[in-house]
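Beneath this line is the structure, given in structure tokens, with notes to follow.
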Number of protein chains: 2
Amino acid sequence: MLAQEMIDAMSKRGLRVTDQRRTLARLFAEAPGYLSAKDVYEEMGKTYGGLSFDTVYRNLRVLQEMDVLEQFVFEDGVKFKAHCREHGHHHHAICLHCEKTYAVPFCPLDIQVELPQGFNVVKHKFELFGYCEACGPQAEAGGAER
Amino acid sequence: MLAQEMIDAMSKRGLRVTDQRRTLARLFAEAPGYLSAKDVYEEMGKTYGGLSFDTVYRNLRVLQEMDVLEQFVFEDGVKFKAHCREHGHHHHAICLHCEKTYAVPFCPLDIQVELPQGFNVVKHKFELFGYCEACGPQAEAGGAER
DNA sequence: GTCTCTGCAAATCATTTGCAGGCTG
DNA sequence: CAGCCTGCAAATGATTTGCAGAGAC
């Protein structure tokens with residue numbers, strides 16, 4: 001999602017477009033992968049002095065609530081990325097090195113999965129973790145999810 | 001897993017078998033689903049006075065490190081349950097009402113999933129959330145994973 | 001008796017909230 | 001100008017750690 005689209009989305013819902021939010025939008029528009037609150041704080045701090053942590057949290061939450069950002073609970077904490085533009089139901093392959101996500105159009109539930117007797121599925125998760133083509137070569141050893 | 005098995009596992013690795021750990025083992029052996037650190041603290045407090053939170057955390061961590069307990073990161077926090085005895089690779093269907101887990105023998109990766117170009121899968125998650133047969137009827141409305 | 005385990009209290013760490021002044025529309 | 005947004009500081013909640021005494025083997 002482009003920074004401008006995010007800003008428009010905020011503006012459309014009556015939110016103020018501040019310097020911070022502009023910077024935040026740009027940051028996520030350019031980020032290759034997920035960012036934690038701390039990542040955002042540190043990144044924004046570079047181009048934007050006198051920033052406070054709570055404002056970062058507040059904005060992340062606001063943007064997530066209006067579906068501009070996607071939140072993902074990793075084992076080592078919560079991270080965010082711009083909402084993916086992919087349409088239709090899909091899942092993700094997440095690179096453990098660059099944390100970039102790739103769409104996986106396949107959904108396990110589209111085929112007949114043998115469920116427990118009488119189990120009524122409401123929601124599901126299907127995620128692949130590994131190394132993408134670009135990171136594969138140099139990511140031999142290191143880079144765990146945590 | 002039976003309480004006695006858990007206790008034996010601890011004993012075998014040179015850990016002391018204390019009242020607390022016995023109680024903890026019994027608790028997990030009987031628990032139908034996942035328990036958070038707080039759940040454990042509250043449950044154990046009932047049958048075991050003068051208990052401290054940090055000891056609960058310590059024991060949960062120790063038991064998890066020796067694969068007696070399984071840790072699961074829910075969106076509303078970390079929870080534990082006795083390691084499932086199911087053999088072979090499998091996934092889980094988790095009831096949002098009772099939090100009991102059911103084995104799902106199917107694995108999406110066993111069939112040809114179309115992966116992103118050059119993506120090398122290291123790890124994957126596949127989980128179903130919903131209501132089990134027992135909870136289905138009365139769980140109409142409420143009980144989200146949060 | 002030795003070494004691990006426990007409770008207590010204090011330290012972290014991530015996240016949230018109250019408040020008064022600053023900036024956007 | 002009114003109301004939302006921000007920084008500051010303090011509150012909160014979850015988890016960890018240091019320490020000295022209690023209990024397991």
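For the numbers below, each heavy atom of this structure counts, side chains included, while hydrogens, waters and symmetry mates do not. Proteins come first, then strands; the chains are lettered A, B, ... in the order of their sequence lines, and each starts at number 1.
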Nucleic acid contacts - residues 19-27 of chain A versus DNA chain C, non-hydrogen atoms under 4.0 Å: none
message: Under 4.0 Å, heavy atoms only, any strand: does G50(B) hit a base, just the sugar-phosphate, or nothing?
response: sugar-phosphate
task: Give the angle between the helix axes at the two ends of the helix from dG1(C)-dC25(D) to dG25(C)-dC1(D), taking five base pairs at each end and rounding to 10°.
output: 30°
field: With K79(B) via salt bridge (Lys or Arg N to Asp or Glu O under 4.0 Å) - residues at least two apart
entry: D76(B), E99(B)
query: Does the side chain of T55(A) get closer than 4.0 angstrom to OP1 or OP2 of dG7(D) through an N or O atom?
result: yes
message: Just to verify, what does H92(B) make a ring-ring contact (aromatic ring centres under 6.0 Å, His included) with, not counting sequence neighbours?
response: H90(B)
field: With sequence neighbours excluded, residues passing side chain to side chain donor-acceptor pair (under 3.5 Å) with Q4(A)
entry: D8(A)
statement: Atom CE of M10(A) and atom P of dG25(C) are separated, to the nearest Å, by 11 Å
- prompt: Looking at residues at least two apart in the chain, or sitting in another chain, which of them share a ring-ring contact (aromatic ring centres under 6.0 Å, His included) with F53(B)?
  reply: Y41(B), Y57(B)
statement: Reading nucleotides 13-23 of chain D from 5' to 3' and marking B where a protein heavy atom lies under 4.0 Å of the base, S where only the sugar-phosphate is that close, and - otherwise, the string is -SBBBB----B
task: Can you tell me which residue pairs pass the ring pair (Phe, Tyr, Trp, His ring centres under 6.0 Å) test with a partner in residues 5-37 of chain B, sequence neighbours excluded?
output: Y34(B)-F72(B), Y34(B)-F74(B)
message: I'd like to know whether L35(A) forms a side-chain contact (heavy atoms from CB on, under 4.5 Å) with F80(A), so could you lay out the CA-CA distance, the side-chain angles of the two residues, the decisive distance to 0.1 Å, and finally the verdict.
response: CA-CA 5 Å; L35(A) 297 173; F80(A) 300 81; 5.5 Å; no
- request: Find the distance D76(B):CG to dT16(C):P and express it as a whole number of Å.
  value: 14 Å
Length of the line joining L60(A):CG and dT6(D):P, which is rounded to integer Å: 11 Å
task: Please state how far atom CG in L15(A) lies from atom P in dA2(D), giving the value in whole angstrom units.
output: 21 Å
- request: Go through the side-chain N and O atoms of H91(B) and H124(A) and say whether any donor and acceptor fall under 3.5 Å apart.
  value: no
Under the side chain to side chain donor-acceptor pair (under 3.5 Å) test, residues paired with Q20(A) that sit two or more places apart: none
task: Can you tell me the distance, in whole Å, between the CD atom of Q64(A) and the P atom of dT15(C)?
output: 12 Å
query: Rounding to a whole Å, what distance do you find between R13(B):CZ and dC5(C):C1'?
result: 18 Å
- line: With sequence neighbours left out, the residues meeting side chain to side chain donor-acceptor pair (under 3.5 Å) with K46(B) are E43(B)
query: Rounded to whole angstroms, how far apart are CE on M66(A) and P on dC5(D)?
result: 10 Å
query: Other than I111(A), what residues sit in its cluster of Ile, Leu, Val, Met, Phe, Trp and Tyr side chains whose heavy atoms are under 4.5 Å apart, directly or through others?
result: Y102(A), V104(A), F106(A), L109(A), V113(A), L115(A), F119(A), V121(A), F126(A), L128(A), Y102(B), V104(B), F106(B), L109(B), I111(B), V113(B), L115(B), F119(B), V121(B), F126(B), L128(B)
- request: Output all residues satisfying ring-ring contact (aromatic ring centres under 6.0 Å, His included) with H87(B), sequence neighbours left out; order by chain, then residue number.
  value: none
